[in-house]
There are 2 protein chains.
Amino acid sequence: MTVSRVLNEPERVAPATAHKVRTAIQALGYVPNLLAGGLSSRRSRMIAAMVPTIASPIFSAPIQGFTDRLMQTGYHVMLSLTGYRPDAEAALLPAVLSRRPDALLLTGARRGPALRHMLAAAAIPVVEIWDSGPAFDILVGFDHEEVGREVATFLLAAGHRRFAALAASDPRAEARAGGFLRAVAAAGGQIIETRRLPAPSSMTEGRQALREIAPQLRGRTALFCSSDLIALGAITQARALGIPVPGELAVCGFGDFDAGRAAEPPITTVSVDGAAIGRLAAELLLARLAGATAGPGLRVPFRILPRGST
Amino acid sequence: MTVSRVLNEPERVAPATAHKVRTAIQALGYVPNLLAGGLSSRRSRMIAAMVPTIASPIFSAPIQGFTDRLMQTGYHVMLSLTGYRPDAEAALLPAVLSRRPDALLLTGARRGPALRHMLAAAAIPVVEIWDSGPAFDILVGFDHEEVGREVATFLLAAGHRRFAALAASDPRAEARAGGFLRAVAAAGGQIIETRRLPAPSSMTEGRQALREIAPQLRGRTALFCSSDLIALGAITQARALGIPVPGELAVCGFGDFDAGRAAEPPITTVSVDGAAIGRLAAELLLARLAGATAGPGLRVPFRILPRGST
DNA sequence: TTGTAGGCGTTATCAC
DNA sequence: GTGATAACGCCTACAA
């Protein structure tokens, strides 16, 4: 018990005793067992995070920020990847909860009653990131439909009247495309073509999709892609087909990836600070774990970065 | 005890009993506690992974492959980020080991005696990735000096005689640059300039570095950069200064990032299958945990992708 | 300030 | 095939 105190509340141990304990710890190479500690205290000091993938900067940035912040506090992050499979979260959650994480980070905020019920039963703080909507508990994100609407506004203001969209089959990508198409239609724009791509989608899928829709693209068109990689693929294929970018085809991506910044022309995109989302998510969970009755979380800003592709 | 059997070795329980147990599990919403299980069985079914960052595809790809593979087996991954700080690993390891991971993934294979001693005391399988050298236990990687030498060979064969290098201050980046410079010197090439950049380095640092060395670059020069992002920055700055790429300045990067592939000109680079490294690391650890007395691991191939920047 | 008792929820082991 | 018992190593609560 005294050893436990030296490790966890050293101020409540006499300096001489503490010193003797530390010496023994050194001599024996003692390493405390946090499994036992967690079992006893009912606090594992672990937080589980579930994201579709970390192969894309869209999700590696938040996880980076989240993990970075939590590591400063003695918490550890348990990582689960759901791979864009809609049922993966429900399938993985029981195994995750059996580790008794003190809190949970989830991607998106569109969960059905079954999942909400499991989360409620776990009775731990949950932060949902990278989305808006009816949060289960805490939310740190933004409205994907609004992103689409803002992109529409931006392109309409630039004089475009004919539009197309390519979106990965992921609820948030579809929300961006949906917001875009509705805003464009509401403003009287003409919708030439929309295509759903598999998730995750990359340059290859963007190229392929543009090849398929190219015959429709007669006259100046503005294309909104659900990620910069898709946009890059589309631009590459457009140029291969002799369609001038941005002259005949203006392209806007999403995510502000390095690849889009370095491309020629650089891609107009929507930028979100993913690392900040992760750090904020960590901060709000830590506050809640420290006893705060924090509010439902917050919106983070996004902004359109006009570049050479539009 | 019977419940435990139903969950872990159902074949040793009578079907009728198993069914009754499962019904009760459903009715009660019972979720097993793996902290307690781990404490008792001395197997946590968790594996800890330490990498410098997942903000770069260099490390997010292996972690993706590693986690993907392990999730199929009931193991979970505990992620730690060391941020390129040389002492971070030693500082974080005790906290990691106190969670009693069943195995460890570490980045690089250049550890001092203190760390090796801690690892030995933990007595668990350790896989070191993304490097070669005197492995502590299992190794899955490649030789960074050899990468540098191969790049030198490639550029020499292309007729280059004047060389420069930009490398992030990270032991593996420096090993690549070192191998490159030694091979170039051995072949009688002229070394114009070498620069160390902070780690992590990105386009900004590449631009800045090229601005500084530009005055030395009189005559056709081949530049090796320790990552594609640095190479992209260097190319951007070279063009801003009116230096033709690849005419006056040929540039080779490392990592085969999307950004380099999409750039204009596309960047000549060295490609390594990071996700495969992660999957292999997982596979070897699983084999070891299953009792195999596996060998010391293996080398994975890399290859130079000649593109427009050289 | 230090120490004792008991229990956290599993699994190893042995008995039936 | 099933169950009883005793750890696993720590922390809560209380006592000295």
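Values reported hereafter were calculated over all heavy atoms of this structure, with side chains retained and with hydrogens, waters and symmetry mates removed. Lettering follows sequence order; numbering is per chain, from 1.
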Below 4.0 angstrom, N of the basic side chain to O of the carboxylate: do B:Glu283 and B:Arg69 qualify? yes
When you check the phosphate oxygens OP1 and OP2 of D:dC11, does a side-chain N or O of A:Asn8 lie under 4.0 Å from one of them? yes
What integer distance in Å separates A:Arg43:CZ from D:dC10:C1'? 13 Å
Please state how far atom CD in B:Glu9 lies from atom C1' in D:dG1, giving the value in whole angstrom units. 12 Å
Counting only side-chain heavy atoms from C-beta out, which of C:dT10, C:dT1, D:dC10 sits nearest to A:Asn33? D:dC10
Within the modelled atom types, does a donor on one side and an acceptor on the other bring the side chain of B:Ser41 and the base of C:dT11 under 3.5 Å apart? no
Counting any heavy atom closer than 4.0 Å, what does A:Arg5 reach on the DNA or RNA strands: base, sugar-phosphate only, or nothing? base
A:Ser4 vs D:dC11: side-chain N/O to OP1/OP2 distance below 4.0 Å: yes
Nucleotide D:dC8, atom P - distance to CZ of B:Arg99 in whole Å: 22 Å
Could you tell me how far apart A:Arg45 (CZ) and D:dC10 (C1') are, to the nearest whole angstrom? 14 Å
Compare side-chain N and O positions of A:Arg42 against OP1 and OP2 of C:dG7 and report whether any pair is under 4.0 Å apart. no
First encountered from the 5' end of DNA chain C, between B:Leu35 and A:Met1: A:Met1
How long is the line joining CG of B:Leu39 and P of C:dG7, in whole Å? 17 Å
Report yes if at least one side-chain N or O of B:Thr2 is closer than 4.0 Å to OP1 or OP2 of D:dG3; otherwise report no. yes
Charged N-O contact under 4.0 Å between B:Asp102 and B:Arg45: no
Is the closest side-chain heavy-atom distance between B:Met46 and B:Val77 below 4.5 Å? no
Within the supplied structure, the quantity of interest is the number of heavy atoms (other residues, nucleotides, ligands) at a distance under 6.0 Å from A:Arg12 CZ; does it exceed 12? no
Nearest nucleotide by nearest heavy atom, which residue falls closer to the 5' end of DNA chain D, B:Ser40 or B:Arg12? B:Arg12
Salt bridge or not for A:Arg172 and A:Asp170, using N-O below 4.0 Å? yes
